[in-house]
Amino acid sequence: MFRAVKTDIKFPKQEESILKFWKDNDIYKKSLSLRQGSPPFVFFEGPPTANGLPHPGHCLTRAIKDLFPRYRTMRGYWCNRKAGWDTHGLPVEVEVCKELGIHSKEEIEKFGVEPFIAKCQQSVWRYMQEWERVTERLGFWIDLSEAYVTYHQSYVESVWWSLKNLFDRGLLYRGHKIVWWWAQGGTALSSGEVGQGYREVADPSVYVRFPLVDQPDTSLVVWTTTPWTLPSNQFAAVHDSIQYAYCSDPESKDTLIVAADLVKTLGEKIKRELTVLKTVPGSQLVGLRYRPPYDYYHSKIGSRIGDLKAGGSLHTDWRVVHADFVTIDSGTGIVHLAPAFGEVDYEVLIAQRELFADGHGPSLICAVGPDGKFTDQAPDYQGVWVKDADRPISRSLRERGLLWHQEQYVHDYPFCWRASEDPLIQYPRESWFIRTTAFRDAMLENNSKIGWLPDHIGPGRFGNFLESNVDWALSRERYWGTPLPVWVCQSTGKMESIGSYDELLAKKGLQGTQVWEKAKAANPDLAEDLKVHKPYIDAVTYESPFAPGARMHRVSEVIDCWYDSGAMPFAQWGYPHAGKENFESQFPADFISEAIDQTRGWFYSQLAISTMLFGQQPGQTQTQSQYPHPFKNCIVLGLMLAEWYESKDGKQRFLTEEDARSAMGSDFVQKTGKMSKQLRNYRSPQEIFDRYGADALRWYLFANQAPWNSILYSERAIRDSIPEFILRLWNVFSFFTIYAEIDGFAGPSEIPGPMDQLDAKELEQAKTYRPVSKRSELDRWILSELGTTCRDAVEKMDRYDSYGACESLHAFVDALSNWYVRRSRARYWASDKQDQDKLDAYWTLYESLVVISKLIAPFTPFLAESLWGHLTQGLTGVRQSVHLCDYPNGGFAPSDKVLNERMGLLRQIASLGRSARMESKLKVRQPLSRVEVTLASDAHIDWLRSHDDIVREELNVKEIHYTSGSSPFVTYSVQPNFRKLGPRVGQMLPKLKTVLAAASGANLMDQMSRTGKILVVIDGKELELDGEDIQVRLSAKEGWAAAQGKSCVVALNTELTPELIRDGIAKDAIRLIQDLRKRRRCNYTDRIKISIFTTSSQLAEALNTNLGLIQSETLATDFAVAVVPQGSIEIKGGVCELVELADEQIAVGLDVISDS
RNA sequence: GCGCACGUAGCUCAGUUGGUUAGAGCGCGUCGCUGAUAACGACGAGGUCCGUGGUUCGAAUCCACGCGUGCGCACCA
């Protein structure tokens, strides 16, 4: 037995109770154990960091990550979902520093590495609870209890194993390179990290004279935006084939050398005309010596000469050299080179060094320390932070007459992504690198096999990124990270890598583990995992195998935390030290998803590591591993933007339009933009859950746009997803329960045996269940649509088209609600409870609801569960949760394309009829005598005739007439079928169109119906057209109450007879009384007594004529109409009220007689 | 600067291999229906499909150039 559900449904509250149901009954675990042994569907969780609050963007990723595993599970796959947390790295250290109120490395050292690390480890879990709550509340089913954690010992050891592998293969190397250096933090950053910190800034830009040694009255003019690099100048670069001009400046006695093409531009800059004296190619400048702007080094080695490999000798520094990268796009065409502070500059130095005999070449000049401050090499600026030196340097240059011109230059410059006030500088540094460039082609090959959604990511953004691959700058001179597992011999400098803690412990002459033991003894709460971290691991040393008596010490660096996350496919299992089987069965992933910002993050780190470890090796010809790995399909989500409303001055901010309106009237603007904590321009996920529910948010995220489009986190739109889909479905369900309760519809409880998941095979055992083929057309239609929807949803979800699947589901719910239920209402009201047609209607609706609850389960899991729970209440053996069911594939109901098409036509006719009524201001309650439907084709006309009861009722007309022939209501126009005729007729198409348009449509139709073809002559050529070659359009002739669609015209007979008017009044009365019933809160089955007082005898007559109808529709056992004299209508106390009916004032009394 | 994507109604977005009347939802307006009521339905207004040029019988769709927005890369020595 079904019970009517409450109509004042509160979805958020209902969701909470479903969460409890899932928890109490371990439904997620059951959904997994049910599929044990089935083919796996492998999902990888990209680990979030839990030391920041989860925000709406995370809800999107988590929702998508939930959708497909749920779907695949219902499709019969075993989909294990292991959660994970990213816990290492700069973000954590920075958080802790903030907390401690410190910033620099010295301060950390002073605080103590040991307590610092301990704080990092605790900080990692700061927002754990919030994360778990959002994850759970959103309905994201993932095993949080078994989550992998990147700082755990087993995880770290997996990472070690992989690094040892790379080290042993010579792919992990230490190199002297110019890196992006965070001076305050004392570490290099990877290109990924650097990329996150670009910001537009205005820097000083100086044009500086470099006087030539041999012609002191002639100067090179160089340009730089980093004056602080000038003390470390080493060369000036020109391009061989660029023309350079010697020119005179009226305000300077000197002759200046700049690129010839820039003379004019530069002249405009300084507002003086430069006169060109002569022009030479760059090659003639190469070799000229100049005086650098600072003497610090020049005074010592300015005259140093080195022997060249090719014979002869040359001054080592401060010469003009050629460099390919020199352009005339900006500056002067002559480039100041400070190899210590620029990657390309450094390459020039290396190239120059190559020219000299060993030990004779230029050495690196660097007047800045790793702390970003000048050293004693530049005594004037010693201890000054480089950026603070720009001004004094400019001043000094001006005083010495070397500053030719100065201006501001606005450009993007990188800052530390975690300490946004700290500009990065390029700095020479020993760093550890992974030779990813050796795998560029392999990575591209691997990438080409990945199923990217959208597919342009593969060859586009991600492919381009791989193309420009540079070696991975892996090491970080920091504290909280996976220690780089390399030990170095103190005496020989030889190194080896260690793949696990046990391997380390087994080393000969091991010492230092007691540091950890002591710490642990002093503080037993210390997490065991910390022993593989700094500072404890640094204390562990062992005997060098390379030199007797020497010891092996670990290098000091930790690694880039992106490497951690990229190692997750194997490290989550502790592979290969543990979890071998898990790894082998769970690799590669079928599906991952993150937002597009992970292109160079997690997507890259995974692909790079996997390709290097498990891919085809450089030089190998045979493919040893099956690409793609470690993931086969990846949905790249768009970014989530915020929507808010603010006052014109931007001072007040609101999250909904209503709030803005009530505070400011119409004086506000709508804004969209990045989500920002400072602006507080978005609502927290928890608030959304409490207001609208997780299903509303999920449906909004899935159904509104393809997931890779950027999405507005619009509160209004989230709220709208309730009436659009969730509530509409709930109302259909509620409708079902109301009448099923009234009629005592037994449904599947008729079935004697235990049930399973209520598919068609089970239901047909019920004694009132009839085969679909025996049911009415409407039933057959909606079930056919249902089958089509299932197949469509499966087909789309199989190719990760969640958006398309939502469209199908939405369309079905619309059809169910707005046509099936609407057209079937009367059947549910039939008085005979055992009427077979009525039972068919119940069964059809019941089955539709059961199937739709399964269909929507991955999308809106709470609503689905609620429907399933109600629909299966009291049944024995039935699956406890809809999420334990199989996803319907539509096998139970074959699609009947013809029927779907016909019903579509019927719906169109109804819609056109309503439109025509609208036009002539005839409300649907007023019956009309006749409707004329003219169709472009007679294909479905017989079927339509046999279903005219539906249209008659829908349009409230007595009679309906169909024709496809000539009709007085329409004109025909014939057009070519462009798609079909295009290839055949080609250039003649426009003419054919004109000819057909000019001819009488009716004649052509006539010709077609008589002979089956149409003959036209164009440019003397005869053309024969058959029915398929033309498209017939109908349009309503003027003067009729008619509406036209693509293939039919619906015309109304608008003549109203007294009888029709009486019928209309009766219908009005029915609605009026129903309204009264409702306002008086009558039960659905209450019998009532009606008394009507009117001054109009016509009205009374109209009511009396239709007494039977009115009484049966309103359940009025007693119905009295009294005609009273003008002016005597008044409310006679009690349950009587004044209302308007057919433009007359009447009084209506309603008494409830009984509740039968 | 280079690359990728996007640009369609007031807003948010669909638009299948190019096919001649470009759609949906929301919002707005008019009206209707209602014993599903946080409803619902119909109708209407609202479009230079970013612009220009090209390919084609035919372009929102393909090509080129340009403009704008977002993101990414990278650098400005």
Side-chain angles (χ1 to χ4, degrees), chain A residues 7-11 191 194-195 198 205 222-226 229 237 323 325-327 329-331 334-338 341-342 344-345 409 411-413 454 456-457 459-465 467-468 596-597 599-600 638-639 641 643 657 670 672 703-706 708-712 714 716-717 719-720 722-724 727-728 730-739 803 807 810 817-818 821-822 825 829 911 914-915 917-919 921 923-925 975-982 985-993 1031 1033 1043 1046 1071 1074-1075 1077-1078 1082-1084 1113-1115:
Chain A
T7 47
D8 59 339
I9 174 80
K10 298 269 183 295
F11 290 112
S191 61
V194 176
Y198 276 91
S205 135
V222 303
W223 175 68
T224 179
T225 56
T226 50
T229 61
F325 61 82
V326 175
T327 64
D329 293 343
S330 57
I334 305 176
V335 176
H336 139 70
L337 295 185
F341 311 116
V344 287
D345 306 41
Y409 188 74
H411 63 158
D412 288 332
Y413 193 86
H456 61 74
I457 296 284
R461 184 169 293 198
F462 196 67
N464 290 339
F465 176 64
E467 294 274 2
S468 60
I596 190 155
D597 55 359
T599 308
R600 59 186 308 166
L639 291 175
L641 303 172
E643 176 191 64
E657 202 176 343
Q670 188 198 2
T672 58
N704 272 278
Q705 66 282 301
W708 42 85
N709 286 336
S710 65
I711 180 170
L712 267 188
S714 151
R716 179 186 51 80
R719 187 184 53 207
D720 285 348
I722 298 175
E724 264 170 35
L727 184 62
R728 196 181 292 183
W730 184 261
N731 282 339
V732 173
F733 165 69
S734 152
F735 175 90
F736 169 80
T737 58
I738 288 169
Y739 289 100
Y803 175 68
E807 260 186 330
H810 188 244
S817 165
N818 288 328
V821 170
R822 182 189 168 90
R825 270 187 183 148
W829 297 336
S911 158
R914 283 192 292 262
S915 160
R917 270 181 172 278
M918 183 78 195
E919 200 90 334
K921 306 241 179 252
K923 55 187 178 182
V924 179
R925 237 184 278 119
Q975 276 205 332
N977 179 345
F978 291 94
R979 195 188 286 258
K980 183 131 190 291
L981 287 177
V985 189
Q987 305 201 358
M988 273 157 52
L989 256 181
K991 275 187 183 158
L992 177 60
K993 183 183 175 185
Q1031 297 165 324
R1033 293 241 160 86
K1046 274 218 147 120
R1071 191 202 61 80
Q1074 303 288 39
D1075 194 43
R1077 281 185 67 114
K1078 202 167 128 198
C1082 292
N1083 289 323
Y1084 294 123
E1113 288 286 317
T1114 60
L1115 301 185

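Convention: sequence-line order gives letters A, B, ...; per-chain numbering from 1.
- Using modelled atom types, one side-chain atom of A/Ser714 and one backbone atom of A/Ala717 make a donor-acceptor pair closer than 3.5 Å.
- The same atom, P, is picked in B/rU8 and in B/rU61; the two are 14 Å apart, to the nearest Å.
- A 3.5 Å limit on both hydrogen-bonding distances identifies no Watson-Crick or G-U partner for B/rA9.
- Both distances falling under 3.5 Å, in either a Watson-Crick or a G-U wobble arrangement, place B/rA64 opposite B/rU52.
- Side-chain atoms of A/Arg825 and base atoms of B/rU34 include no donor and acceptor less than 3.5 Å apart.
- Pair assignment for B/rC2: B/rG72, on the basis of Watson-Crick or G-U wobble contacts that are both within less than 3.5 Å.
- Using a 4.5 Å heavy-atom cutoff, the side chains of A/Asp345 and A/His336 are not in contact.
- Among the protein residues, A/Val821 comes within range of the nucleic acid bases, having at least one heavy atom under 4.0 Å from a base atom.
- Straight-line distance between the P atoms of B/rC49 and B/rG32: roughly 36 Å, to the nearest whole Å.
- Between B/rA14 and B/rG25, the two P atoms lie 16 Å apart (nearest whole Å).
- In this entry the distance linking CZ of A/Phe978 with P of B/rC57 reads 14 Å, nearest Å.
- A/His810 places a side-chain N or O within donor-acceptor distance of the main-chain N or O of A/Glu724, the cut-off being under 3.5 Å.
- Put simply, the side chain of A/Arg461 and the base of B/rC71 share a donor and an acceptor less than 3.5 Å apart.
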Checklist entry - Checking side chain to side chain contact (heavy atoms under 4.5 Å, CB included) for the pair A/Phe11/A/Leu727: CA distance, chi angles, key distance, verdict? => result CA-CA 9 Å; A/Phe11 290 112; A/Leu727 184 62; 4.1 Å; yes
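- Nucleotide B/rC31: paired with B/rG41 (Watson-Crick or G-U wobble, both distances less than 3.5 Å).
- In this structure, the nucleotide among B/rC57, B/rA36, B/rC4 sitting nearest to the side chain of A/Leu989 is B/rC57.
- Side-chain N/O atoms of A/Thr229 and base N/O atoms of B/rA77 include no donor-acceptor pair closer than 3.5 Å.
- In this entry B/rG19 has B/rC57 as its Watson-Crick or G-U wobble partner, both defining distances falling under 3.5 Å.
- B/rA24 atom P lies 13 Å from atom NE2 of A/His810, rounded to whole Å.
- The listed nucleotides are B/rG3, B/rA77, B/rA36; the one nearest the side chain of A/Val732 is B/rA36.
- The backbone N or O of A/Gln705 sits nowhere less than 3.5 Å from a side-chain atom of A/Asn709 that would complete a donor-acceptor pair.
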